[in-house]
Every structure is written in structure tokens, then in C-alpha cells.
Amino acid sequence: MALRLRDRVPIERLFEAEPGKEYVIAGWVDTVRVHGKLVFVVVRDRSGKIQVVAKKNVSEEAWKTARELTPESVVAVRGVLVESKAALGGREIQAREIVLLNKADPLPIDIHDHTKTVLAKRLDWRFLDLRNPRNQAIFLIEAEMARAAREWFNSNGFVEIFTSKIVGAATEGGAEVFSIVYFDKPAFLAQSPQLYKQLGVIAGFERVYEIGPAFRAEPHHTTRHLTEYTSVDLEMGFIDSYEDVMDAVEGVVRSMVEAAVSRYRRKIEEFFPDAVTKLPQRFPRITMREAYKLLEQAGVKVEWGEDLSSEAERKLGEIVEKEYGSPIVFVTEYPWNARPFYTMRKPDDPEWTLSFDLLFRGLEIATGGQREHRYEVLRKQIEEKGLNPRSFEWYLNMFRYGAPPHGGAGIGLERVVMQTLGLPNIREARLLPRDPERLVP
RNA sequence: GCCGCGGUAGUAUAGCCUGGCCCAGUAUGCGGGCCUGUCAAGCCCGUGACCCGGGUUCAAAUCCCGGCCGCGGCGCCA
């Protein structure tokens with residue numbers, strides 16, 4: 001009887017299956033241990049691992065094939081499931097037939113321990129690096145977080161939109177955009193869906209969200225920046241204040257973390273001992289001015305009216321953890337000079353804005369606020385930021401024909417994953433990271 | 001963009017400061033051998049490297065210069 005892959009059973013099921021029967025499994029060779037007349041082969045598929053034993057006196061064919069196996073080769077095995085005290089998990093497959101589907105060359109990186117090969121080299125061989133269950137888990141968790149975010153949005157009245165990533169003008173002015181050639185015209189890769197989200201609200205969808213790529217042409221050499229990342233963006237109309245936006249961000253972020261933890265608790269405990277598995281019922285909210293004070297009390301130098309340095313953010317994270325017992329905190333009312341033109345300012349104190357950042361373990365994971373929806377004010381703010389209102393004409397027009405008060409936020413998906421799991425480098429949270437040097441694979 | 005650190009076998013590292021004892025050590029991998037209960041198997045044998053170019057010197061992995069590449073910090077940001 002020929003072995004058919006359609007009869008294949010996921011390996012994890014074998015630990016509940018009836019012993020004494022024959023099963024077909026297939027996957028990658030995790031390890032091979034050759035012992036003269038018997039060979040142990042640990043086979044791994046995405047569900048788990050099991051030991052296969054090939055004995056010369058049971059099937060010489062299978063034994064011969066087993067001797068030739070190399071790590072990461074792809075095999076299919078037909079054999080009898082047996083209880084075995086000596087085997088991992090108490091069970092193993094006694095091979096009757098082993099088919100080598102694809103033989104692997106000697107590996108260029110060590111995939112059994114993610115710390116044994118430097119990250120750069122792992123990324124060069126990303127498809128192999130991801131064979132490591134820990135590294136694979138990061139993306140299962142990321143997928144779960146994205147799914148949870150979508151679910152939260154969908155059940156809270158948000159409509160998913162898909163905005164253009166090829167744009168004719170930079171979103172916020174600045175030089176941090178990638179230039180591309182669009183036929184015979186200059187164009188850019190979108191650094192944020194900001195203006196289009198607002199379009200969605202003003203167009204009458206009222207609440208919109210998008211989970212998609214954002215591009216930043218900033219030559220960062222850090223462990224927390226990518227030139228291409230996934231932005232979880234939301235925008236909502238008819239808000240009373242930016243507090244409503246923070247409530248939404250809090251809801252999304254909490255559901256992302258909770259979903260990941262509840263679905264992958266075991267993997268998280270096994271692979272990410274430093275992970276945050278619980279967020280407070282309500283995220284603390286402090287104003288920027290309070291943050292300056294807290295930092296000053298802790299002996300950190302801050303410039304009033306300026307954005308926080310990354311060192312100050314880290315420090316603030318520690319202080320909040322100590323004072324409020326929370327790994328996460330909203331910092332609100334950022335100074336106007338640290339915010340883009342579309343931000344709404346405090347009516348009674350225009351040096352400050354109705355905006356916020358969300359710091360998770362001392363790192364900014366989200367930014368948001370209420371947007372300015374009054375045409376004349378917005379026009380002035382564009383000028384005040386040194387931008388030309390004429391290049392924002394299509395955008396400004398939206399505010400002349402009925403724009404409700406609104407606000408929104410952008411959440412960095414990879415940063416949420418990184419901070420939740422306690423990863424040392426954001427590149428680990430991106431399947432194929434792009435940084436100033438890396439463009440391949 | 002600015003600043004700092006680094007580039008040694010497939011992988012990870014020692015050696016570099018204080019040049020010669022290094023035709024480069026160790027671990028792992030890889031090839032071969034022994035082994036019917038291992039589990040990152042063990043033991044034995046073998047294999048394999050100083051980023052590129054120039055300079056200093058009797059002598060360069062080691063010191064100097066240039067290039068390329070990598071990593072990190074900062075600014076800025078998600």
C-alpha cells in the first residue's frame with residue numbers, strides 16, 4: 001500500500017490517537033540520531049514533534065532511508081503508533097515506510113537556538129529561521145493580534161477601508177517619505193493613511209479602520225524602527241473629545257494582547273518569559289505636564305514644551321510601572337510644536353494639543369488625538385507648520401462641506417508584538433524587515 | 001544624518017590592547033567509524049576560517065590608511 005500524503009495526520013493529534021494503529025505523518029526532520037541498527041528521527045510539522053524510530057529488523061528499507069536523512073529534509077512516514085516510556089511525550093512512531101520528499105543541504109544557520117546565530121544572518125535565511133518554533137510563534141501571535149483588532153473594530157461599528165499607498169504628496173510635509181516614479185510623475189509611498197482615514201469619516205462612514213503598511217524613509221539604526229511597518233489605524237467621527245479615541249485605542253490594544261495570551265498562553269510561557277500577559281482594567285492617563293514633573297522628580301532633565309526623548313520615555317515607563325503598577329500609560333496633551341498640522345489644539349491653551357501617545361513598557365506604540373475639523377483653523381495651522389495649503393487642496397476641501405468633529409490613532413503592530421513579548425529587536429516581529437540597509441529577502 | 005563598536009571555518013566564538021610562541025584555539029556543524037533506546041545521544045578519526053585593497057615591519061589575524069558590510073545609540077517616529 002503506497003503512502004499517500006492525504007492520509008497525513010497532524011503530529012499533535014497522535015498524542016490523543018489510538019496506539020497500536022498505523023498512521024501517516026509528514027514534516028521536517030528536526031533531528032536524526034543514528035545508532036547502528038536503529039535510527040531515531042524527530043519529525044516536526046506545524047502542530048508539533050514526535051519521535052520516529054526506524055529499526056533494521058522491522059523495515060530495512062525504512063532504516064536505510066532514515067540513515068540518509070539530514071536535518072530539515074522533508075519526509076513522510078508510515079508507521080505504528082506505540083507507547084514508549086523512553087520517548088519524548090511518551091509516544092513514538094515505529095516506521096514501516098519512510099519517504100524522503102526533499103533532501104536538505106547542510107544548514108547555513110543554527111535553527112534550534114535562535115540566539116546562536118546573529119539576527120542579521122538569521123534574516124538572510126529567514127525561511128529557515130522561522131522553522132524555529134519560537135520564531136514562528138511570534139507570527140502566530142501577530143496574526144492573532146491583527147485578527148483580534150479586526151474583530152474589535154467590526155463589533156464597535158468601524159468599517160474596514162483600504163487606502164492608497166501610492167500618493168501624490170507627502171502626508172505631513174516632511175522629508176521622511178520614499179520617492180517613487182509613477183509613470184512620468186514623482187510620487188511617494190504613504191507614510192500613514194492619516195488623511196484618507198479622515199476622508200473615510202467625512203465621507204460618511206463615521207468610523208473607519210485600516211490595517212496596512214506604512215513607509216518611513218528615515219535612516220534609523222535602532223532596535224525599534226523599521227522603514228516599512230504595519231499600522232493599525234482608526235478614525236472616528238462625532239466624538240466629544242480625544243478621551244473617546246483613547247477609549248477606543250485602549251479597547252483595541254487590550255483585546256489584541258488578551259487574544260494573543262488566551263490563544264497562545266503555552267507558547268508565550270515557554271518562549272517569552274519576559275512577556276506581559278495582563279493589562280490593567282483602565283490604562284493610566286497623565287498629561288505631558290504631569291509627565292515632565294514626574295521625570296524631573298526622578299532627576300531626568302526635560303525640556304518643557306518639547307517631546308520626550310526616548311530615554312525619557314523609557315524612564316517614564318519605569319516611573320509609571322512603580323507609581324501606578326501599569327506597564328502601559330497614555331501621555332496626553334502634547335505640545336503643539338511636537339504635533340502635525342491636523343492636530344486640534346487646546347481651546348484655552350493653544351500651546352498644547354488634544355492628543356496623546358500610548359507608551360507600553362516605555363516605548364511609544366500608538367499616537368492619536370482629536371483632529372482639527374474647522375476649515376479656517378486648519379488652513380492656518382498648515383501655514384503655521386510651514387506647509388503650502390495649495391498642496392493640500394483636496395484635503396482642505398473636505399472641511400468645507402460638512403466635517404464632523406473627529407479623531408483617531410495609529411498603532412504600530414510590530415511594536416505591540418515586540419513589547420508584549422519582550423523581544424529585543426523589532427526586526428524579530430516583522431516577517432521580512434526593511435531597514436536602511438536591508439532590502440533582501 | 002551624526003556618533004560608537006565590530007567583520008576569524010557552515011554557525012558561534014578565543015586570539016588583536018602588549019606583532020614572532022598562530023601554516024590560528026574551542027564548541028557546534030559537516031564527512032567517516034563503533035553502537036538496538038537515544039533524545040541538541042556518546043566516544044574515536046577527519047574536515048574547514050583571519051572581509052577587500054594598500055601601507056609600516058626582518059616579521060601582520062594583530063599596528064596604520066581607504067573601501068565595503070554588519071550591529072547599536074541619538075535625533076525622529078509607530
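To find a chain, count down the sequence lines: A is the first, B the second, and so on, and within it residues start at 1. Below, all heavy atoms of this structure are taken into account, side chains as well, without hydrogens, waters or symmetry copies.
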- Item | Length of the CD-P vector between A:Glu218 and B:A78, whole Å | 9 Å

- Whole-Å gap separating P (B:U11) and CG (A:Leu107): 12 Å

- Task: For A:Arg438 and B:C68, give me the distance from atom CZ to atom P, rounded to whole Å.
- Result: 19 Å

- Hey, which of A:Leu279, A:Thr420, A:Leu359 is the one that makes side-chain contact (heavy atoms from CB on, under 4.5 Å) with A:Pro327? A:Leu279

- Query: side chain to side chain donor-acceptor pair (under 3.5 Å) with A:Glu333: which residues, sequence neighbours excluded?
  - Reply: A:Tyr242, A:Arg289, A:Lys346

- Could you tell me whether A:Arg314 contacts a base, only the sugar-phosphate backbone, or nothing, with contacts defined as non-hydrogen atoms closer than 4.0 Å? sugar-phosphate

- Considering only heavy atoms, which members of residues 50-70 of chain A lie under 4.0 Å from some atom of RNA chain B? A:Gln51, A:Lys55, A:Asn57

- Go through residues 420-433 of chain A and report each residue with a non-hydrogen atom lying under 4.0 Å from RNA chain B, sorted by number. A:Asn425, A:Ile426, A:Arg427

- Task: Classify the nucleic acid contact of A:Glu437 as base, sugar-phosphate or nothing, counting any heavy atom under 4.0 Å across all strands shown.
- Result: sugar-phosphate

- Query: Looking for any heavy atom pair under 4.0 Å, which part of the strands does A:Ile365 touch: base, sugar-phosphate only, or nothing?
  - Reply: sugar-phosphate

- Query: Touch check for A:Glu313, heavy atoms < 4.0 angstrom, all strands: base, sugar-phosphate only, or nothing?
  - Reply: base

- Task: Provide the full list of side-chain hydrogen bond (donor to acceptor under 3.5 Å, both in side chains) pairs with a residue in residues 140-164 of chain A, sequence neighbours left out, each pair given once.
- Result: A:Glu144-A:Arg147, A:Glu144-A:Arg263, A:Arg147-A:Glu151, A:Arg150-A:Glu160, A:Asn154-A:Tyr209, A:Glu160-A:Tyr209, A:Thr163-A:Lys165, A:Thr163-A:Glu210

- Query: Which parts of residues 273-292 of chain A get close to RNA chain B, meaning a heavy atom less than 4.0 angstrom away?
  - Reply: none

- Message: Starting the side chain at C-beta, find the nucleotide from B:G70, B:G73, B:A12 nearest to A:Ala120.
- Response: B:G70

- Base, sugar-phosphate alone, or nothing: which one does A:Thr367 contact when heavy atoms must sit under 4.0 Å apart? sugar-phosphate

- Message: Applying the 5.5 Å / 30° rule, does A:Phe40 stack onto the base of B:G37?
- Response: no

- Message: Just N and O in the side chain of A:Thr223: are any of them under 4.0 Å from OP1 or OP2 of B:G72?
- Response: no

- Of the listed B:G1, B:C77, B:U11, the closest approach to the A:Glu364 side chain comes from B:C77

- Query: Just checking A:Val118: base, sugar-phosphate only, or nothing, at a heavy-atom cut-off of under 4.0 Å?
  - Reply: sugar-phosphate

- Item | Check: A:His220 side chain, B:C74 base, donor-acceptor under 3.5 Å | no

- For the residue pair A:Arg427 and A:Met418, establish whether any side-chain heavy-atom pair is separated by less than 4.5 Å. no

- Query: Out of B:G75, B:C30, B:U11, which has the shortest distance to the side chain of A:Pro106?
  - Reply: B:C30

- Task: Can you check whether any acceptor in the base of B:G42 is under 3.5 Å from a donor in the side chain of A:His35, or vice versa?
- Result: no

- Message: In whole Å, I'd like the distance from the CZ atom of A:Arg339 to the P atom of B:A78.
- Response: 8 Å

- Using a 4.0 Å heavy-atom cut-off across all strands, classify A:His112 as base, sugar-phosphate, or nothing. nothing

- Query: Would you call A:Lys315 and A:Glu318 a salt bridge, taking side-chain N to carboxylate O under 4.0 Å as the test?
  - Reply: yes

- Stem list, RNA chain B (Watson-Crick or G-U pairing under 3.5 Å, at least 3 consecutive pairs): B:1-7 with B:68-74, B:10-13 with B:25-28, B:29-34 with B:42-47, B:51-55 with B:63-67

- Query: Looking at the side chain of A:Glu92, which of B:G72, B:U38, B:G75 is the nearest nucleotide?
  - Reply: B:U38

